[in-house]
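Just below is one structure, and these are the notes that go with it.
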Amino acid sequence: MYFVEVAIKVPLPRTFDYKVDSQLGEASAPLKPGMRVLVPFGNQRKVAVVLALKTTTEVPENKIKAIFEIIDDTPILSAEHIELLRFTARYYCYPLGETIHIALPSALRQGESPDKTSINMVALTEKGALLPSLKAKTQLNLLKQLSQSGKSSLTELKALGFSKKTIDSLIDKALITQSIEHDNHWQSVAPTVGSKPTLNKEQAVACTTINQSSGFSSFLLEGVTGSGKTEVYLQCLEEVLKRGEQALVLVPEIGLTPQTVNRFRRRFPDTPIMLWHSALTDNERLQTWRFCEKASCAIVIGTRSSIFLPFLKLGMIVVDEEHDSSFKQQDTLRYHARDLAAYRAYQHKIPLILGSATPALETLHKAINNKYQLLSLTERAQTATDNQFKLLDMKGQPDQAGIAHASLATMRQHLKRGKQVMVFLNRRGFSPTLICHECGWLSECKRCSTSATFHKAIGQMICHHCGDQYHVPHQCPDCGSTQIFPNGKGTEQIEEFLSSEFPQTPVTRIDRDSTRRKGSLEKALDEINLGGARILVGTQMLAKGHHFADVSLVVILDVDSGLYSCDFRATEHLAQLVTQVAGRAGRSGEAGQVLLQTHFPEHPLLQDLVNNGYQDFARFALREREDADLPPITNMAIVRAQGHNIKQVVDFLTDLVPVSGVTGIQLLGPIPAPLEKVAGMYRFQLHIQAQDRRVLHQYLAQMVDYLSTSKLAQKVRWSLDVDPIDMI
Ligand code: ADP
Ligand code: ZN
Ligand code: ZN
């Protein structure tokens, strides 16, 4: 008889010991860490993952229970992987059992067999390769896609927006075929490499430095948009593939940037590349998981959670647009994929490349302190000149729908020259509130401390925080007046105005509302790239990674809301957003023009950004953080609590504040959250800060222990966020 330490999905910060009866061990394969077992838990049977075998336990003999059954023949998690998950659970103060549950594909959570390692591939037939003309445009697009990318998995085509129906109709026409491929170990033959440009000097230095590094090293590849960062990744990956190793490429969102995926495909046409993102089915997740584990795929391009994929021989991790907030999970296990990537690279002793035009201050801080090696690309690869920024003072400016007449005039000039123009406003809907002209009534959400947004096209008021919908009132609920007007601007209103102002010019809007239907984003992007759309209106969905060749002017409508916010990161996020949006202009040939509309043109942040660029702004902002003792100079965690009873929420947090203070720890709170009420619940926070990360983690570990027994904790919903990236 011996014992095992297992992790079970329960909200407790601990693991559990069970005994293994000797005859159970004989009946199946010898038990090893990483295998799943069935155990009694209370009066339930639960799937558990074995963490360690041991000969002794602290659980008294009459209390210890025996496992029922061993599920696996071989471990589903390697020792290294268990270590990663232990680290994750410890760092983010989250129960290990739940951490493992989140990391595993759902089939494995439930105890299903891991052996489903076939994959559906689609390829052109000879007839299809001739690209016959077809009436259905999406069918033709699919043929074109396959002729560019070669054989592709069904999963990948779906990620690119092609429906099962489109695929099936082409199979019926014998233009494409479908086949099932089994997991055959990827052979490390020299990969075929598609045509590639000669690197410029800075790119060459970056590639050589990365390729010549040995063991664990992190690089910050800081390069303005269009400076050829992706080209650097590709040429570094080539070396990784030549060594027969695998690579993980983390990207913010795959659906938004199918172009990136295609570039990888074209460069390495016969290398198995898999995608990982939220639209995969359970089965596809399991397949990808297993292909990684067996080294049947060489490159994974994935969103946040791909950081938990198992790799047999990982050779490099790339995090593209490393500043992007989508790498941080904002509920349950609040991990940051970029930071876990650093841990994994350290574990595997491999290079990590973090690339961005607008590095997060966290990353820049590490680069300045030589924890990460800084590699700079200062020139745009295909454009000789930089974009020209101009601050447009809105004070006293005549405007229509929030667009200054001066901006409209500039737009006209660019459109006349056959160029595309982008108008950016980070607020969807028609207007953020309705207001009564007689009494000042505002359309507030009944359950949140915020207003409900007017969506004119669908004739509804929608709260963007709780999702509640309301009828659009014809009369003021307070005074009965019919003088109710939209107050403030959203993208829907901008689109409506521009369509009437430029009746001959096609306007395309891209935001979460306009792209809700499947395939609509792809359609809109196609329209833009094929030149149909001339004016593009959108939210930050437009800012991310797209390559719009013809955009020569970007108008940014409302930068002021980011200048005066209670979140100390607001200015950093504003600067990143402005720089990223601006980066969409002037991507081929001539320099683009960027207009920033503001009431505060003399604001030092805007001046710095416009005159000296993000690089300079970021270094200045870091010094400000230093003076104010804020992250990333110090380390932070937030305890958030919410509940219907405001007193219980405040009491819960007050109870966590020690009367006499703790050395090395600064506490702030309980304070109301910036949005004090959402969906009927009151929200408060406690901010915890420490100079020393170890001190912070010791403190948090004790607190989590205490919380698992606290009665007050059971009356509210609480969460702990380590390294939070926003204050909401
Ligand atoms: P980033 O990832 O920094 O935005 P990309 O790698 O996408 O930049 O490069 C922008 C454009 O410049 C792409 O069309 C790319 O093919 C091209 N490009 C990159 N490096 C070079 C180079 N050395 N010579 C010529 N063109 C290049
Ligand atoms: Zn009124
Ligand atoms: Zn609401």
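All ligand and atom numbering here is 1-based and tracks the order in the structure.
- With the Zn ion (ligand 2) at the apex, Cys436 SG and Cys479 SG define an angle of roughly 110° (rounded to 10 degrees).
- A centroid separation of 6.0 Å or more is found between the aromatic rings of Phe617 and Phe620.
- Contact annotation: Gly226 has at least one heavy atom less than 4.0 Å from an atom of ligand 1.
- In summary, no N, O or S atom of His465 is located under 2.8 Å from the Zn ion (ligand 3).
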(request) Check the pair Thr515, Glu522 against side chain to side chain contact (heavy atoms under 4.5 Å, CB included), reporting the backbone distance first and the verdict last. (result) CA-CA 9 Å; Thr515 56; Glu522 290 76 9; over 6 Å; no
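- Neither the backbone nor the side chain of Leu377 has any atom closer than 4.0 Å to an atom of ligand 1 (non-hydrogen atoms only).
- Of the possible polar contacts, one joining the Lys328 side chain to the Arg334 backbone as a donor-acceptor pair under 3.5 Å is found.
- Across all non-hydrogen atoms, the minimal contact from Gln685 to Leu653 is N-CD1, 3.6 Å.
- By the criterion of a heavy-atom distance under 4.0 Å, neither the backbone nor the side chain of Gln235 is placed next to ligand 1.
- In the vicinity of Thr198, heavy-atom distances shorter than 4.0 Å reach the ligand 1 atoms 22 (C), 23 (N), 24 (N).
- At a threshold of 2.8 Å, the Zn ion (ligand 2) has no backbone or side-chain N, O or S atom of His437 nearer than that distance.
- Because the distance cut-off is set at 2.8 Å, His464 fails to qualify as a neighbour of the Zn ion (ligand 3), as none of its N, O or S atoms comes that close.
- A heavy-atom distance below 4.5 Å is not found between the side chains of Trp441 and Ile435.
- Salt-bridge annotation for Arg584 and Asp550: absent, with no side-chain N of the basic residue lying under 4.0 Å from a carboxylate O of the acidic one.
- Between Lys366 and Leu220, the closest side-chain pair of non-hydrogen atoms is not below 4.5 Å.
- In Ser227, the parts holding a heavy atom less than 4.0 Å from any atom of ligand 1 are both the side chain and the backbone.
- Contacts of Asn200 with ligand 1, taken as heavy-atom pairs under 4.0 Å, involve the backbone alone.
- Interface of Gly228 with ligand 1, defined as ligand atoms under 4.0 Å from a residue heavy atom, comprises 1 (P), 3 (O), 5 (P), 6 (O), 8 (O), 9 (O), 19 (C).
- Using a 4.0 Å cut-off to heavy atoms of Arg263, the atoms of ligand 1 that qualify are 5 (P), 6 (O), 7 (O), 15 (C), 16 (O).
- Under 4.0 Å is where a charged nitrogen must lie from a carboxylate oxygen, and between Arg619 and Glu572 no such pair does.
- No more than 12 heavy atoms of other residues, nucleotides or ligands shown are found within 6.0 angstrom of NZ on Lys523.
- The Zn ion (ligand 3) lies at the vertex of an angle of 110° between the SG atom of Cys448 and the SG atom of Cys466 (rounded to 10°).
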